[in-house]
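Everything quoted here is computed from the prediction, not taken from an experiment. Letters go in sequence order (proteins before strands), and every chain restarts at 1.
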Amino acid sequence: MRITCPHCGNRSLDEFIYLGDATVQRPDPARPDALAAFVDYVYQRENPVGRHRELWYHNAGCHAWLVVTRDVRTHEIFGVEPAKEVSLSEKTTGAAR
Amino acid sequence: MHDSILTPQTALMGLINAGRYGRQEGDVGIRISEVKNFSLANITAFKNCREPLEKVIDEYLGLDLPIGPQRIEKNGYALIGHGPDQWLAIGYEENSASIFDKLEKASRDYAAIVDQSDARAIIRLSGPDARKALAKGVSIDLDPSVFHTNCTATTFAAGLWINLWQINDSPAYEISVFRGFGASLASWIKSSAEEFGYINQ
């Protein structure tokens with residue numbers, strides 16, 4: 001599997017570190033049910049088949065966090081975006097994608 | 001009482017000794033040398049500061065900031081893009097360190113500029129077989145259609161974290177590693193170059 005880093009170009013898998021689900025959102029700690037929400041946020045993960053959004057870190061290259069949209073069965077990659085931009089656009093639109 | 005005499009040593013002193021090595025028949029495929037007496041600074045732009053930083057860099061070095069993994073060289077200075085809003089500045093002349101010092105003072109509001117001159121080793125690799133020797137250790141595509149003069153890459157070579165850039169079409173490359181990894185890099189390059197025959201300069 002190769003990932004096309006938006007900063008560095010097409011790179012081998014061994015340059016990256018996998019973190020996991022990029023769709024989870026940090027809950028507001030002021031929420032009344034914050035404890036339960038944080039337990040979910042930290043521990044609960046879906047185990048989807050097919051297309052998924054994941055966080056990868058370009059360890060051997062530009063040191064940027066990336067959001068990779070990947071089919072977890074076929075490893076086909078549909079898109080790679082800088083996590084910084086994804087996060088900023090979520091803040092602007094106020095919604096997770 | 002003895003006067004202590006400290007002699008500066010280059011990162012690869014004694015590791016790239018002049019002579020022809022490897023395959024002895026035919027033409028030499030590769031030339032290897034250590035880049036000595038360079039100055040090197042790491043530049044990281046602060047948020048939304050690219051424009052003012054660009055002006056200061058132009059004033060002191062006469063260079064544009066490269067966009068993406070590119071290299072721009074002029075008058076003995078080079079800027080090498082190695083990540084978003086991050087560059088390496090290299091001065092090949094003796095007095096470059098003092099210019100980087102002035103640059104650092106002038107751009108404090110726009111970027112973190114850190115002198116790493118003594119923290120790096122740089123090896124230059126050139127000749128008709130340089131690409132083939134390099135390709136044995138890096139996993140990026142070095143074909144001239146996608147990686148050519150003034151392209152740069154931050155990647156692994158033989159398990160070492162490197163900055164790589166191409167300086168001309170002969171082809172010639174420069175590879176930078178943290179100084180402590182210099183001996184490992186030199187060792188790998190020499191064994192990789194052996195089948196082509198190489199000259200150390």
Inspect the surroundings of [atom1] in [X] and state if more than 12 heavy atoms from other residues, nucleotides or ligands are less than 6.0 Å away.
| X | atom1 | answer |
| --- | --- | --- |
| A:D28 | CG | yes |
| A:N47 | CG | no |
| B:K136 | NZ | yes |
| B:F181 | CZ | no |
| B:E51 | CD | no |

Where is the tightest heavy-atom contact between [X] and [Y], given as atom of each residue plus distance?
| X | Y | value |
| --- | --- | --- |
| A:A60 | B:W161 | O-NE1, 3.1 Å |
| B:G83 | A:C62 | CA-CB, 3.7 Å |
| B:I140 | A:R2 | CA-NH2, 4.2 Å |

Fill in: Close contacts, residues 12-21 of chain A versus chain B, judged by heavy atoms under 4.5 Å
A:S12, A:D14, A:E15
Discussion item. Under the side chain to side chain donor-acceptor pair (under 3.5 Å) definition, can you give me all pairs with a residue in residues 30-45 of chain A, not counting sequence neighbours?
Written reply: A:R31-A:D33
Item to complete: Give, for atom NZ of A:K84 and atom NZ of B:K47, the distance between the pair rounded to the nearest 0.5 Å.
Response: 7.0 Å
Fill in: Atom pair NE2 (A:H58) and OG1 (B:T154), whose distance is rounded to the nearest 0.5 Å
8.0 Å
Discussion item. Please classify the contact between A:H63 and chain B as side chain, backbone, both or neither, with a heavy-atom cut-off of under 4.5 Å.
Written reply: side chain
